[in-house]
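The next block holds one structure in the form of structure tokens; read it before the comments.
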Amino acid sequence: MAFGFYLSSITVKIMNRATTWVTKSEGWLARNNQNRNHLEKFYWLLAILSLINFTIYLFVATKYKYRPQSHSILKQIHY
């Protein structure tokens, strides 16, 4: 959980530095002024990243092959 928070703060800092040239302020999430921030664009970015992650998951899941189990292991489980 701590790693996720750390990664989230790094993502916000990278996004602010990458979007300073696009906005008049210091980036999409620069300050506490909700009128100048662009939260909708940041959440669209997160949605796109989640969609890419889900697409990669589906690709890997379709390529996965189950290992065949031997009958001796199955007999031990049933007893």
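If you read the sequence from its start, that first residue is 1, and numbering goes on from there. Because the structure is predicted, anything quoted here is derived from the model rather than measured.
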> Do the rings of Y64 and Y66 sit parallel, tilted or perpendicular, given the 30° and 60° boundaries?
Replying inline: perpendicular
> About how many Å separate OG1 of T62 and CG of L58, when rounded to the nearest 0.5 Å?
Replying inline: 7.5 Å
> In the single-linkage hydrophobic clustering (I, L, V, M, F, W, Y; side-chain heavy atoms under 4.5 Å), do I48 and Y57 co-cluster?
Replying inline: no
>> Run F42 and V12 through side chain to side chain contact (heavy atoms under 4.5 Å, CB included) and show every step you take.
In response: CA-CA 9 Å; F42 183 70; V12 169; 4.0 Å; yes
> Do side-chain atoms of S50 reach the backbone of L46 as a donor and acceptor pair under 3.5 angstrom?
Replying inline: yes
> If you look at every heavy atom in T20 and N16, which pair is closest and at what distance?
Replying inline: CG2-O, 2.8 Å
> Rounded to the nearest 0.5 Å, how far apart are CG of L51 and CD1 of I56?
Replying inline: 10.0 Å
>> As an exercise, state the distance from CZ of F5 to CD1 of I10, rounded to the nearest 0.5 Å.
In response: 11.0 Å
> OG1/T11 to OH/Y6 distance, rounded to the nearest 0.5 angstrom?
Replying inline: 11.0 Å
